[in-house]
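Have a look at the structure below, then the notes.
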Amino acid sequence: MKVLDTDFARSFIRMCNDGWTFGWHESNGGNASYRLRPEEVTEVRSGFRTRSWVRLDTEIPTLAGEFFLITSAGSHFRNIAHDPKRTLGIIEVDRTGTCWRECWGFKDGTHPTSELAAHLINHEVRKAATGGESRVLYHCHPVSLAAMTCVVPHDSAVFTRTLWAQLAECALVCRHGVEVIGWEVPGTIGLAIETAKAMEHTDAVIWPHHGLFVAGVTMDEAFGIAHTVEKAADIFCKARACGMPNVSRITDSDLVSFSRKYDLELARRHVYAKPHLDAPAPEPVIIREPARQEPSMLPLDGIRTNVPGTFRFPVPAPEPEPAPEPASQPGPEPAPAGPLFTMAPAARPEQRSAPDPVGQGLAPAAHPEQRPVPEPAPQPESAPQPVQPVPQPEPAQPVYRFYPKPRKR
Ligand code: 13P
Ligand code: ZN
C-alpha cells in the first residue's frame, strides 16, 4: 500500500491541516511526528528507498527498529496537505538505537524537523510513561497560550489551575495538567531535554513565548489536548481583554466534585493539599439591589454591565493580631516549607493595589528561597570560617550532531 493511502498518513495530514486552519502554524512554525505500528510498517515497506544512516550522539534504545512519520524542517503546515511528499517523510531508527535514516518522502532534499531531537527523546519518554501506547507528538504555536506566558507566572501549578479554572473540559482533557519549562532556544538539545523531563509527568508542555508540545496515543488525543488548552487560554485572554473584573471561575471544590464524578485522577502536584481543596473557596457574592435604572445597564463597580445587580466580593475577616513574643524567645524560625502558591483572599477590585498575577485569586506565595531568612547568630571572633564548597564543573551534555542540514530557504 502507498504511504499516502494509509489511515495513519491521512490522519496525520488532517491533524497538520487542522492546526494550520486554526492559525497555529505561521510560516514554518510547528512540527509533528507519529510512531508507526509494526503492521503499518509492513503495509508500506515495499515503497521505501533508504538513504545512509546518520549517527545519533545519544542512544534511544527503546526506539530501536521503530519508524516515524515526521514533518520536514522548514515545511509550512499550509502546504502539507498539498505536497506531503516534500513536507513529510518517514525515518527509521536502527536496531542499536544509535542511528537513523530516511526511507520515504523528504522530496527535493528536505530533512526531518529541526526539533528532531525533541521528537525522538520525547517519544522515548512518552512510550515508557504510557506502557508503549503513546504514538503522536505535535508541536504548534497557538497565540492565546503564547499571550498567557506573557502574563501568568511560569509555574506549572499556577498555569494549570488557571487553565482548568476557565473551562470545564480542560481538567477532563488535560488531566495531568501542563508543565511550563524555562525559555530555551528552538531546535536545541536543551529544549529537547527540558521538555523530556516535563513529559515524564504530563502530555502537555508549554514552551514560553513559543508554543505547545503535546503527546497522545492517537492524533485525536494529541490534537484534542492542544485544542482544549488553547481554548482555555483563549477564554482567559478574552475575559481579561474585555475590561470587566473577574467575578467567577471554577473553584477548587468544583474541581474536586468534577474529578469525583468523572473518576479523574487530577495531577496532585497541581492542586493543593486535600484539606485545602475541600475548604470552601471564596466565591463572589451577588448582592441584589433595587433597580435604579434600566436593569440591563446597572453599574458594576464603576463598569457598566448588562448583568442585573451589583457584584461584591466577600471581604475576608481581619487577621487577629499575633500575641507579642516573650522577650526570652529565640529569633524567628524560618518559614515552614509550604505550598508555593496559596489562595489569595478575594479583595474588592478597588482595594487591589497591584494586578493579581493570575487574575483568578491565585497569587504566588513567597518562594521558600525568597522568604525572610533569620539573621545568623553572631560568630565568636576565633570561630573557624565555614569551608566554601569548591564549585564542581557542570557535567558535560551529550553533543547531538544528528540535526538535519540547514533549512533550505
Ligand atoms: P521546523 O520547521 O524545523 O520544524 O521548526 C519549526 C518550529 O516550530 C521550531 O520550534
Ligand atoms: Zn516551534
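Bear in mind the structure is a predicted one, so any value in this text is a computation, not a measurement. Both ligands and their constituent atoms are indexed starting at 1 by order of listing.
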Please report the interatomic distance [atom1]([X]) to [atom2]([Y]), rounded to the nearest 0.5 Å.
X    : Y   : atom1 : atom2 : value
N28  : S72 : CG    : OG    : 10.0 Å
H123 : E66 : NE2   : CD    : 9.0 Å
N31  : T71 : CG    : OG1   : 4.5 Å

Polar contact flag for [X] and ligand 1 (N/O pairs, less than 3.5 Å):
X    : value
T71  : no
G30  : yes
W207 : no
H210 : yes

Close aromatic pair by centroid cut-off 6.0 Å: F258 and Y262: yes
Do H76 and H25 have ring centroids that are under 6.0 Å from one another? no
Any donor-acceptor pair under 3.5 Å linking the side chain of [X] with the backbone of [Y]?
X    : Y    : result
R86  : F106 : no
R35  : F67  : no
S27  : G29  : no
R126 : T202 : yes

I want to confirm something. Looking only at heavy atoms, which of [options] is nearest to [atom]?
atom                    : options              : answer
atom 7 (C) of ligand 1  : T87, N31, L116       : N31
atom 10 (O) of ligand 1 : E115, H25, E26, H111 : E115
atom 4 (O) of ligand 1  : I70, L191, T113      : T113

Ligand-side contact atoms (ligand 1) for residue partner [X], heavy atom cut-off under 4.0 Å:
X    : answer
N28  : 1 (P), 2 (O), 5 (O), 6 (C)
H141 : 8 (O)
S114 : 1 (P), 3 (O), 5 (O)

Would you call K127-E124 a salt bridge at under 4.0 Å N-O? no
Can you confirm whether the side chains of H210 and H141 place a donor and an acceptor under 3.5 Å from each other? yes
Can you list the protein N, O or S atoms less than 2.8 Å from the Zn ion (ligand 2)? H139 NE2, H141 NE2, H210 NE2
Does G29 come within less than 4.0 Å of ligand 1, judged by its heavy atoms? yes
